[in-house]
Amino acid sequence: MDNLQVLSQPSLVNSGNAERSRSVSFSKLIPRSFRKPSGSSPGAEIVAGSTSLAEGAETGEALDSEDPSRGTDPQVTEEQLSEATPPQQVSPDLATPQTGKLSARLKKMFKSGSKTPDREASETPDSTPEIRNDEKGESEQHQALEADEHLQTIGTPIGRARSPSTPIMPSHVLQSKLDNTYSPNQPVSSIKDGSRSAVDRRNTRSDTVRSSNPYFACQGLPPHALSSQDFDPANVSNSTRYDDSTILMTPPPTSSTGATSYFQNEYRNNSNKSLNDINENEEVEEFKSSGPVDYPPTPKSPAERVASAPTVPFSRSSLSPQIFPEKMIPSPLIIVNANSSDFSEQNGMPPLPPPAIHELSEESEASPVKPTLRRVASEPNALKKLPAPALAAAAKSRGRHSGSAPLSSSAMTSPTTEFPADFDEPQRSRRLRNKSFSSKFKEVIVGPKSFEKIKLLGQGDVGKVYLVKEKETNRLYALKIFSKAEMIKRKKIKRILAEQEILATSNHPFIVTLYHSFQSEDYLYLCMEYCMGGEFFRALQTRKTKCIEEEDARFYSSEVTAAIEYLHLMGFIYRDLKPENILLHKSGHIMLSDFDLSVQAKDTKNPVVKGSAQASMVDTRICSDGFRTNSFVGTEEYIAPEVIRGNGHTAAVDWWTLGILIYEMLFGFTPFKGDNTNKTFSNVLKNEVSFPNNNEVSRSCKDLIRKLLIKSEGKRLGSKFGASDIKKHAFFKKVQWSLLRNQEPPLLPVLTENGYDFTRLSSNANKGTVKKESPSTHSGVVDAMAEQEKIMFEEQVERDDIVSDDDPFHDFNSMSLMKQDNNSLIYGDNNSYGKISYTPNQNRSRSNSHRFFKR
Ligand SMILES: Nc1ncnc2c1ncn2[C@@H]1O[C@H](COP(=O)(O)OP(=O)(O)OP(=O)(O)O)[C@@H](O)[C@H]1O
């Protein structure tokens with residue numbers, strides 16, 4: 001008899017009734033949770049979750065929630081959680097920094113149609129609930145959209161969080177509502193067969209949690225979470241903690257010193273964030289403090305934007321040592337635009353002739369601007385127009401800067417000489433060559449213009465993902481595009497760099513392949529394998545029961561285990577496993593995506609083989625042994641207890657999330673979901689997992705789930721040898737781990753007749769033509785989106801060696817995958833898309849499967 005506690009299924013009830021959208025953005029909670037004291041000094045904010053990484057890393061100990069001696073469990077009652085006064089919101093006014101590139105980025109962003117922070121602040125609800133529903137604020141912007149109106153009539157907002165600057169509901173979503181056929185990227189709310197419960201499920205799922213720990217927001221912080229560096233108790237009183245009036249009303253100082261301290265204080269205000277985020281802030285701060293620099297206004301139309309690329313003048317006065325540090329020799333293009341022989345001399349270069357292209361205007365003298373290193377360089381013709389002496393200086397400078405040979409004298413005979421071919425060498429910066437993935441990649445061979453946008457696939461927390469067709473090959477890709485200004489504003493620079501690094505480093509059949517990555521002046525691009533099957537979450541939702549059979553769950557969980565094992569071997573902790581981040585390739589196999597929350601262990605170690613010759617196991621846990629990180633990240637219903645406790649977590653969080661995932665696949669809901677976030681967290685910390693009694697799930701499966709959901713990470717399955725512990729569990733007994741790719745997937749995404757299959761299209765005039773999204777009648781929003789997309793798909797690639805060292809995206813490499821690493825060799829070319837349905841795979845052998853009866 002299975003001694004299971006039978007659940008009366010409150011979760012099912014909750015999931016049906018809860019009004020919350022799944023798109024809660026925790027990152028916006030941070031300032032709200034810890035408001036700036038009225039009239040107090042700006043530094044008087046409390047710090048949460050700022051446990052020193054070193055502290056945890058040093059000990060490397062596993063945490064035990066049941067061990068009171070550690071003093072880490074806040075021991076909070078449910079009442080406390082639900083009664084906790086909702087802290088109010090403050091929006092750190094990032095629109096007003098007076099210095100550095102940040103200011104320019106933000107200006108650009110606001111000019112291109114984003115909300116101003118002021119507006120954002122004014123839109124902030126007076127007394128928001130503790131966990132803000134992003135949709136609430138954003139829906140105001142989107143009310144004009146039919147989709148929202150329709151969804152409001154059924155009482156549900158559209159599910160996924162969208163960034164405030166992108167109030168978009170693509171027309172294909174509207175269209176898809178009318179269609180019975182499921183489209184992988186359509187909201188579940190529009191799936192007819194899913195009926196109301198599908199809508200509810202979709203909308204009761206909370207989104208990815210990033211950084212601020214709302215648990216601590218209402219509980220106060222445990223002492224370990226306050227680092228002395230960030231928290232000065234003398235400056236904080238409980239009565240003032242949640243008052244943000246000062247920060248909203250006090251304009252930031254204009255002097256650079258004042259600005260620096262203002263930003264420091266502002267960071268302090270945000271310092272309840274995780275350590276990762278604090279580092280992120282520091283990174284931005286460094287960037288911002290590069291001097292009081294103003295930027296020219298961004299032209300409004302895309303045509304102007306593109307055309308204006310080489311026209312940025314600069315003034316001598318802007319060349320402060322701060323901006324042009326010794327080590328950073330200006331690129332040749334800067335020299336061309338300079339009207340300063342002094343400057344050339346200062347930098348050991350021959351005097352320059354008068355500018356050949358753009359005269360320094362009076363206006364620009366009056367309003368000195370920082371030379372925009374990359375803008376000019378991104379214009380291909382700008383190079384060709386260089387006068388010979390400038391070219392020589394440029395070559396000299398370049399030689400010193402990147403180590404390449406200076407130009408030959410023959411290349412400098414004509415004032416308008418073409419650049420010799422060898423001048424383009426090397427385009428890869430030294431930093432790319434030093435990366436572990438450098439041999440997989442070569443110089444980027446594509447740019448935004450190489451792709452034709454087909455449709456918006458999805459929009460996550462910070463990025464927009466487009467289905468695109470490479471013009472030259474007709475091959476389909478998923479192109480994830482991030483706005484740099486948005487990344488700076490949201491302090492996500494490190495996250496995107498981590499995502500690029502992980503995608504570029506990985507080479508695994510169950511991890512989405514990165515083919516190209518590059519940046520333009522305003523955007524960052526990740527060009528990935530297109531997964532025609534869309535999110536696994538949606539495949540689950542299209543099923544009547546919202547769940548799958550145990551045999552099928554075994555298939556998906558084994559592939560997920562293999563992918564996580566690989567990530568752990570590489571020293572990465574994934575941290576955001578959930579059905580939304582598992583994409584289905586058209587082959588039906590899974591592909592993990594979305595690595596912006598992942599983190600790489602410092603000092604990654606090699607795996608170790610342990611045990612006897614007969615029963616040896618590879619210890620993958622050791623790869624990140626001793627590494628603890630303390631960010632408050634994850635997805636509410638998937639978050640592990642140690643993350644909620646906030647005193648550091650390890651790779652074991654991924655095994656916890658695997659347990660939740662298997663549970664959700666089998667039962668259609670997650671095990672700890674509560675009426676609100678705090679209740680969910682309280683359940684995670686205190687409740688034991690229980691199983692509904694109306695589901696036929698084997699003992700071994702329940703045992704696996706229970707062992708993965710052990711609250712003490714030191715006792716959790718996987719804590720001894722990592723993935724090997726999981727792989728040898730009885731539930732996976734029959735799995736052939738080496739042949740996972742040869743297994744027949746349970747569900748196959750199949751293209752309906754409306755789809756596009758480029759291989760089947762004949763070579764007539766229609767070949768390669770795709771039906772693009774038709775503009776909707778909501779012209780304002782559509783115009784803004786079209787404007788933004790035009791820029792996204794028109795800007796020039798900025799090569800690595802052109803991006804200056806002080807640029808926050810300096811480490812975002814522009815590169816293309818070498819042919820031999822092309823995963824299409826494994827899966828076949830990706831050239832069809834459209835509405836799909838999932839059909840059970842008839843080829844799938846059921847010989848191993850057997851029905852389980854309740855015992
Ligand atoms: N390779 C891909 N193939 C098909 N669709 C994709 C692909 N990558 C992303 N998508 C779609 O785009 C959506 C958003 O992508 P993603 O989750 O990577 O963005 P994000 O900004 O990182 O989101 P999050 O808020 O979850 O971090 C996904 O949910 C998925 O529907």
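In this text the structure is predicted, and so the values were computed from the model without any measurement. Numbers here are sequence positions counted from 1. Note that ligands are numbered from 1 as they come in the structure, with each ligand's atoms numbered from 1 the same way.
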Would you mind listing which atoms of ligand 1 come within a distance below 4.0 Å of any non-hydrogen atom of [X]?
X	answer
E529	1 (N), 2 (C), 3 (N)
L457	4 (C), 5 (N)
D596	22 (O), 27 (O)
A478	1 (N), 2 (C), 3 (N), 7 (C)
G463	21 (O)
Y530	3 (N), 4 (C)
E535	28 (C), 29 (O), 30 (C), 31 (O)

**Report entry** Centroid separation Y466 to F793 less than 6.0 Å
**Finding:**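 They qualify: ring centres under 6.0 Å apart.
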Query raised in the report: Does Y523 have its ring centroid less than 6.0 Å away from the ring centroid of F482?
Result: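 That pair fails the under 6.0 Å test.
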Report task. Say whether D576, considering both its backbone and side-chain N or O atoms, lies within less than 3.5 Å of an N or O atom on ligand 1. Result ->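 Between D576 and ligand 1 (N or O atoms, distance only) the closest approach is not under 3.5 Å.
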Query raised in the report: For ligand 1, is there an N or O atom under 3.5 Å from any N or O atom of S593?
Result: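 Not met; the criterion fails.
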Report task. Identify which of I582, L583, N581 has a heavy atom lying nearest to atom 2 (C) of ligand 1. Result ->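 Of the listed residues, L583 has the closest heavy atom.
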Report task. Report the residues that fulfil side-chain contact (heavy atoms from CB on, under 4.5 Å) with A504, sequence neighbours left out, ordered by chain and then residue number. Result ->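 With neighbours one apart ignored, the set is F437, F441, L514, M815.
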Requested in this report: Start with the C-alpha distance between T680 and K673, add both sets of side-chain angles, then the distance that settles side chain to side chain donor-acceptor pair (under 3.5 Å), and finish with yes or no.
Outcome: CA-CA 5 Å; T680 302; K673 183 166 170 50; 5.4 Å; no
**Report entry** Candidate pair Q519 and Y525, rule side chain to side chain donor-acceptor pair (under 3.5 Å), full reasoning
**Finding:** CA-CA 6 Å; Q519 60 175 297; Y525 303 78; over 6 Å; no
Query raised in the report: Is K492 salt-bridged to E486, going by a charged N under 4.0 Å from an acidic O?
Result: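 Looking at E486 together with K492, the answer is no, because their closest N to O distance does not fall below 4.0 Å.
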Query raised in the report: Is the H589 ring parallel, tilted or perpendicular to the F555 ring (thresholds 30°, 60°)?
Result: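 Taking F555 first and then H589, their aromatic rings sit tilted (interplane angle of 30° to 60°).
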